[in-house]
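Here is how names work: the chains are called A, B, and so on, in the same order as the sequence lines, proteins then strands, and each is numbered from 1.
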Number of protein chains: 2
Amino acid sequence: MKDVASAAGVALKTVSRVVNGEPGVHPATAERVRTAIDRLGYSRNESARVLRRGRTATIGLVIEDVADPFYSGLSRAVEEVVIDHGCLLLSGSSGEQPGRERELVETFCARRVDGLIVVPAGEDHTYLRSELEAGTPVVFADRPPGAGLDVDTVLADNVSGAGQAVRHLLGHGHGRIAFLGDDPAIFTAAQRLQGYRAALGGLYDERLVAMRPPSLEAVRADLARMLTLDDPPTAVFAGNGRYTVTVLRALAGRRLALVGFDDFELADLLQPGVTVVAQDPSWMGRVAARRG
Amino acid sequence: MKDVASAAGVALKTVSRVVNGEPGVHPATAERVRTAIDRLGYSRNESARVLRRGRTATIGLVIEDVADPFYSGLSRAVEEVVIDHGCLLLSGSSGEQPGRERELVETFCARRVDGLIVVPAGEDHTYLRSELEAGTPVVFADRPPGAGLDVDTVLADNVSGAGQAVRHLLGHGHGRIAFLGDDPAIFTAAQRLQGYRAALGGLYDERLVAMRPPSLEAVRADLARMLTLDDPPTAVFAGNGRYTVTVLRALAGRRLALVGFDDFELADLLQPGVTVVAQDPSWMGRVAARRG
DNA sequence: GAGGGGTCCGACAACGTTGTCAACCGGTTA
DNA sequence: TAACCGGTTGACAACGTTGTCGGACCCCTC
């Protein structure tokens with residue numbers, strides 16, 4: 001601020017040097033500048049700084065929904081790493097809408113974020129190509145980008161995780177295991193179905209699979225339908241954290257064994273709530289940091 | 001970008017007009033500019049725009065911890081409102097550390113956020129005074145600011161909420177009700193203690209109160225101590241969402257009645273998990289929006 | 001006293017955008 | 001013909017900061 005400069009009787013550049021802690025300023029001068037700063041309540045305008053220097057010290061994070069425990073955990077981990085690098089976090093929830101995802105990404109890019117972490121909602125990410133060519137580091141998390149894009153991606157091993165869950169149930173004598181999961185258009189849901197199917201092998205029965213967005217009514221109906229089969233399921237494998245909770249609620253008393261993908265609070269306090277922890281969110285954060 | 005201007009054979013200002021959808025540009029010219037923009041993959045530099053216009057279209061949110069369901073719910077609601085206003089959200093977790101809170105707030109201010117929503121961790125917010133005088137709209141949420149500051153604040157009625165919880169237990173015949181809550185230095189914890197105490201009246205017994213940061217070991221020890229009293233508690237009132245979960249875990253089998261402040265996922269699926277929902281986070285978001 | 005080296009400081013341009021103002025052009029009116 | 005008008009367009013300055021460069025000054029040495 002030029003007011004500070006004139007108040008301290010120095011040039012703009014000297015003030016700049018002081019606020020940035022650059023060397024080559026006489027201690028007495030620096031002190032004079034500092035008191036002027038305090039007196040006037042000056043604080044550096046980061047926008048101008050960004051404009052001049054080119055780095056925004058900002059990372060953009062696009063997730064599904066901050067309110068989902070899985071993503072809020074991820075957010076926190078990312079935030080931690082980002083702050084450690086002296087940056088700030090711009091975040092937004094796509095709500096599983098590809099359009100919203102794209103809007104967020106483009107807005108973040110227009111603000112010239114120094115890096116982007118995206119949990120994609122859509123399939124087509126060609127709109128990112130120009131951004132990538134411009135050199136913006138982008139990392140995908142939890143789900144891979146659409147075809148034709150070469151981007152670092154952090155994934156959990158959904159297939160083998162689902163396999164473990166199924167084998168756990170098989171080992172406890174369950175031969176009829178239902179799979180309730182999210183829309184198979186979602187990468188993780190499809191992967192987990194695949195793991196479930198592979199682990200079941202010949203035991204696989206299409207009638208025990210229901211995949212769609214989680215709503216209590218739908219899950220209730222699916223379960224009710226399955227339970228009227230001649231050979232009803234004795235166990236359920238739920239495709240993600242939110243699904244596990246929904247299934248629990250839909251079961252309401254009926255005592256089926258339940259295994260869920262993703263951990264969730266209090267899982268250990270419920271009947272047989274085996275959980276498979278999918279990701280270590282801080283691991284994802286670390287990968288993002290790889291590109292300070 | 002001046003490249004676009006020269007590519008389209010027009011002046012900078014005309015490009016500016018087109019990207020901003022300002023009137024007074026011949027359709028043919030606008031079209032030429034647009035194709036140049038597409039061809040060059042231009043996107044407006046928001047930093048420069050911010051510098052020139054003074055508005056950042058950014059809101060800062062400082063909370064306790066995004067990973068806490070209460071705050072992640074609040075975040076989501078705030079985000080919703082902020083996006084509706086065409087703004088973006090910068091958020092950070094203070095981790096209940098006043099220093100961190102202050103750092104975050106000051107960083108946000110240096111970036112000239114158009115508004116600030118703060119769940120305070122500290123007691124002293126005089127450092128905000130100059131910012132307030134500069135005209136930045138600030139809203140406190142969940143907890144009030146330190147003394148001597150005149151700021152809009154969104155609070156739940158913690159006292160009467162706690163009173164309701166206690167009366168609920170009294171109504172079910174519990175005369176010995178323990179209160180386990182967070183450090184009384186935290187506003188909400190103190191308020192809830194006050195409500196608990198008032199509702200109990202003569203039944204209040206200091207030995208049934210334990211307040212400190214929630215850790216499983218500490219809560220276990222507190223509970224164990226209380227249960228060895230001649231007249232042990234038959235019910236527990238937990239001071240916040242995280243505490244409720246911790247108490248549940250610490251109880252591990254012992255069947256005390258439990259009421260918690262704040263709702264939490266699956267509360268309805270546990271034994272006697274009465275809950276008092278404190279805030280409607282979207283309400284807070286709305287208040288923040290009051291100052292687009 | 002002249003030259004050399006170091007320390008401290010300031011003038012100036014540039015970052016990319018937008019607000020202001022004036023210029024231009026075709027057509028209409030006095 | 002001159003004055004005027006609405007619709008388009010462009011030149012220029014400004015936003016607040018930092019990088020570059022060069023100037024002023026002091027101390028030391030020959």
Colleague: With sequence neighbours left out, write down each residue that passes salt bridge (charged side-chain N to carboxylate O under 4.0 Å, His left out) with A:E123, or none if nothing qualifies.
Modeller: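 Counting only residues at least two positions away or on another chain, A:E123 forms no salt bridge (charged side-chain N to carboxylate O under 4.0 Å, His left out).
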Colleague: Give the rounded distance in Å between these two atoms: CG of A:D3 and C1' of D:dC15.
Modeller: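 Interatomic distance, CG of A:D3 to C1' of D:dC15: 14 Å.
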Colleague: Report the distance from atom CD of A:E46 to atom C1' of D:dT18, rounded to the nearest whole Å.
Modeller: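 Distance, rounded to whole Å: 12 Å.
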Colleague: For C:dT18, does OP1 or OP2 lie under 4.0 Å from any side-chain N or O of B:N20?
Modeller: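 Answer is yes, contact under 4.0 Å.
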Colleague: Taking only side-chain N and O atoms of B:R49, does any of them lie within less than 4.0 angstrom of OP1 or OP2 on D:dC15?
Modeller: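 Result: no.
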Colleague: Scan for side-chain hydrogen bond (donor to acceptor under 3.5 Å, both in side chains) pairs involving residues 104-113 of chain A, sequence neighbours excluded, and state none if there are none.
Modeller: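 Only A:R102-A:E106, A:R111-B:T58, A:R112-B:S43 qualify under side-chain hydrogen bond (donor to acceptor under 3.5 Å, both in side chains).
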Colleague: Rounded to the Å, how far apart are A:R111 CZ and C:dG16 C1'?
Modeller: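 It is 16 Å, rounded to the nearest whole Å.
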Colleague: Quick test of your reading of the model: are A:R55 and A:D114 salt-bridged, counting only N-O distances below 4.0 Å?
Modeller: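 Yes, charged N to carboxylate O under 4.0 Å.
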Colleague: Kindly calculate the angle separating the two end axes of the helix from C:dG1-D:dC30 to C:dA30-D:dT1, each obtained from five base pairs, and round it to 10 degrees.
Modeller: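 For the helix from C:dG1-D:dC30 to C:dA30-D:dT1, the axes at opposite ends meet at about 70°.
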Colleague: Just how far, in rounded Å, is C1' of C:dT7 from CD of A:E22?
Modeller: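 Answer to the nearest Å: 15 Å.
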Colleague: For A:F140, which residues count as a ring pair (Phe, Tyr, Trp, His ring centres under 6.0 Å) partner, sequence neighbours excluded?
Modeller: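 A:F140 satisfies ring pair (Phe, Tyr, Trp, His ring centres under 6.0 Å) with A:H125 only.
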Colleague: Can you measure A:R55 atom CZ to D:dT18 atom C1' for me and round it to whole angstrom units?
Modeller: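 That distance rounds to 15 Å.
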Colleague: Of all residues at least two apart in sequence or in a different chain, which pass the side chain to side chain donor-acceptor pair (under 3.5 Å) check with B:T153?
Modeller: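 B:T153: no side chain to side chain donor-acceptor pair (under 3.5 Å) contacts found.
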Colleague: Which residue pairs satisfy the ring pair (Phe, Tyr, Trp, His ring centres under 6.0 Å) criterion with at least one member in residues 11-39 of chain B, sequence neighbours excluded?
Modeller: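 Those involving residues 11-39 of chain B do not exist here.
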Colleague: Under 4.0 Å between a side-chain nitrogen and a carboxylate oxygen: does that hold for B:E31 and B:R34?
Modeller: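 Between B:R34 and B:E31 there is a salt bridge, with a charged N closer than 4.0 Å to a carboxylate O.
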Colleague: Just to verify, what does B:T126 make a side chain to side chain donor-acceptor pair (under 3.5 Å) with, not counting sequence neighbours?
Modeller: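 By the side chain to side chain donor-acceptor pair (under 3.5 Å) rule, B:T126 matches B:D124.
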Colleague: Does A:R53 put a side-chain nitrogen or oxygen below 4.0 Å from OP1 or OP2 of D:dT18?
Modeller: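 No, because none of the side-chain N or O atoms of A:R53 sits under 4.0 Å from OP1 or OP2 of D:dT18.
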Colleague: Only counting residues at least two apart or in another chain, list the ones meeting side chain to side chain donor-acceptor pair (under 3.5 Å) with A:D182.
Modeller: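 With neighbours one apart ignored, the set is empty.
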Colleague: Could you tell me whether the phosphate oxygens of C:dT17, OP1 or OP2, come under 4.0 Å of any side-chain nitrogen or oxygen in B:S16?
Modeller: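 For B:S16, the contact criterion (side-chain N or O under 4.0 Å from OP1 or OP2 of C:dT17) is not met.
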Colleague: Nucleotide by nucleotide, 5' to 3', does protein get under 4.0 Å of the base (B), only the sugar-phosphate (S), or neither (-) in nucleotides 4-13 of chain D, counting heavy atoms?
Modeller: ----SBBB-B
Colleague: Measure the distance from CG on A:L51 to P on D:dG16 and round it to the nearest whole Å.
Modeller: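 Taking CG of A:L51 and P of D:dG16, I get 12 Å after rounding.
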